[in-house]
Amino acid sequence: MVSGAAPLYDGIGRAYARHRRPDPRVAAQIGRALGEARTILNVGAGTGSYEPPDRAVVAVEPSPVMAAQRPRGAAPVVRAVAESLPFADRSFDAALAVFTIHHWTDITGGLSEMARVARGVVVLTFDPVVHGQFWLFDYVPEVNTIPSYLGMHPDAVAEVIGAQWIEPVMIPADCVDGFNWAYWRRPERYLDSEVRACMSGLALLPDDLVARRMEQLRADIDDGTWHARHAELLEMDAIDGGLRLVVRR
């Protein structure tokens with residue numbers, strides 16, 4: 001079985017280790033959600049950004065490009081997919097999935113597998129309605145038509161895994177993990193094509209289309225239009241971009 005995420009990240013994941021670094025505030029919130037779990041299965045692990053260093057982790061990652069960027073000393077990685085995890089029931093204290101489920105071929109199947117192999121489940125995902133209201137998508141509204149970005153609502157994720165709660169994950173103004181919303185107060189970062197290549201929502205669109213739209217953003221930054229339009233953002237230290245942590249203990 002081949003995950004839909006594997007060929008995607010084989011293509012766009014080549015610079016992930018440079019631009020998709022774990023933000024310590026997001027990592028701390030994930031750590032609190034994991035509670036006292038000592039053995040962790042990280043599903044759709046990528047380069048291992050949010051794997052807790054003080055716990056025993058096994059990573060699952062279908063993309064060899066992503067797996068090859070895991071740092072020396074990172075948790076062992078199994079090449080498999082969420083929808084068919086090669087582990088016995090209740091093999092782990094907790095299963096973790098971070099910024100990944102929207103790319104799975106069968107989200108419900110993958111979440112059910114996580115709930116099968118672990119006693120607890122922690123999923124960092126997004127509310128597609130809130131996420132879709134980002135100012136960047138005024139320039140590239142096509143992002144909100146990508147099927148994976150219409151996503152499974154966190155309430156539906158919670159129902160599948162039997163979660164006890166859902167909590168918002170605020171995005172700090174100086175976020176160091178370069179996902180779509182990361183630079184909400186630093187618009188000039190979106191002008192860098194390598195930065196954009198690490199954001200699946202932009203990387204899934206034609207390069208020439210995105211480049212043209214970013215030239216409009218460049219013009220709006222240069223003449224002050226962006227700053228006038230979004231002046232209130234410059235006063236904020238963090239924002240709700242729709243990120244949600246769904247937790248079953």
Heavy-atom pair of closest approach, residues [X] and [Y]:
| X | Y | result |
| --- | --- | --- |
| V57 | A75 | O-CB, 3.2 Å |
| C175 | A182 | CB-O, 3.9 Å |
| R116 | L85 | NH2-O, 3.1 Å |
| F87 | V78 | CZ-CG2, 4.3 Å |
| G109 | D106 | N-OD1, 2.9 Å |
| V130 | W181 | O-CZ2, 3.9 Å |

* To do: Determine, stepwise, if the pair L124 / L96 fulfils side-chain contact (heavy atoms from CB on, under 4.5 Å).
  => CA-CA 8 Å; L124 179 54; L96 173 66; over 6 Å; no
In Å and rounded to the nearest 0.5 Å, what is the [atom1] to [atom2] distance from [X] to [Y]?
| X | Y | atom1 | atom2 | result |
| --- | --- | --- | --- | --- |
| L204 | I146 | CG | CD1 | 5.0 Å |
| I171 | R25 | CD1 | CZ | 11.0 Å |
| M152 | W104 | CE | CH2 | 10.0 Å |
| L111 | E159 | CG | CD | 11.5 Å |
| M214 | S193 | CE | OG | 12.0 Å |
| L243 | E167 | CG | CD | 11.5 Å |

Flag, side chain of [X] to backbone of [Y], donor-acceptor distance under 3.5 Å:
| X | Y | result |
| --- | --- | --- |
| R119 | R90 | yes |
| E61 | G46 | yes |
| R55 | A37 | yes |
| R20 | T47 | no |
| Q216 | Y139 | no |

Find out whether [X] and [Y] are in side-chain contact, i.e. whether some heavy atom of one side chain is under 4.5 Å from a heavy atom of the other.
| X | Y | result |
| --- | --- | --- |
| L136 | L202 | yes |
| V246 | V121 | no |
| T125 | F99 | no |
| S200 | H102 | yes |
| I166 | P154 | yes |
| N42 | V60 | no |
| L245 | Q29 | yes |
| S91 | L41 | no |

Are [X] and [Y] within salt-bridge range, i.e. N to O under 4.0 Å?
| X | Y | value |
| --- | --- | --- |
| E142 | R213 | yes |
| R38 | D93 | no |
| E232 | R185 | no |
| R229 | D220 | yes |
| D208 | R212 | yes |
| D177 | R21 | no |

* Quick one: are the ring centres of F126 and Y149 less than 6.0 Å apart? ->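 Yes - the distance between ring centres of F126 and Y149 falls below the 6.0 Å cut-off.
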Check whether [X] and [Y] end up in the same hydrophobic cluster, where Ile, Leu, Val, Met, Phe, Trp and Tyr are linked by side-chain heavy atoms less than 4.5 Å apart.
| X | Y | value |
| --- | --- | --- |
| F134 | F179 | yes |
| M170 | L234 | no |
| V247 | Y50 | yes |
| L209 | F137 | yes |
| V176 | Y183 | no |

* With sequence neighbours excluded, give me every side-chain hydrogen bond (donor to acceptor under 3.5 Å, both in side chains) pair touching residues 236-249. =>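 Passing the test, one end in residues 236-249: D240-R244.
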* Apply side chain to side chain contact (heavy atoms under 4.5 Å, CB included) to L233 and list each qualifying residue two or more places apart in sequence or on a separate chain. =>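 Listed in chain order: W135, W184, W226, H230, M236, I239.
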* Verify the neighbour count for atom CG of D207: are there more than 12 heavy atoms of other residues, nucleotides or ligands below 6.0 Å? =>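 12 or below, so no.
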* Do E51 and I40 pass the side-chain contact (heavy atoms from CB on, under 4.5 Å) test, and can you show the C-alpha distance, the side-chain angles, and the key distance before you say yes or no? -> CA-CA 8 Å; E51 292 171 2; I40 312 294; over 6 Å; no
* R196/D192 under side-chain contact (heavy atoms from CB on, under 4.5 Å): CA gap, chis, key distance, verdict -> CA-CA 6 Å; R196 297 196 305 267; D192 185 328; 5.8 Å; no
* Asked: Hey, mind stepping through S49 and V98 against side-chain contact (heavy atoms from CB on, under 4.5 Å) and telling me if it holds?
  -> CA-CA 9 Å; S49 288; V98 177; over 6 Å; no
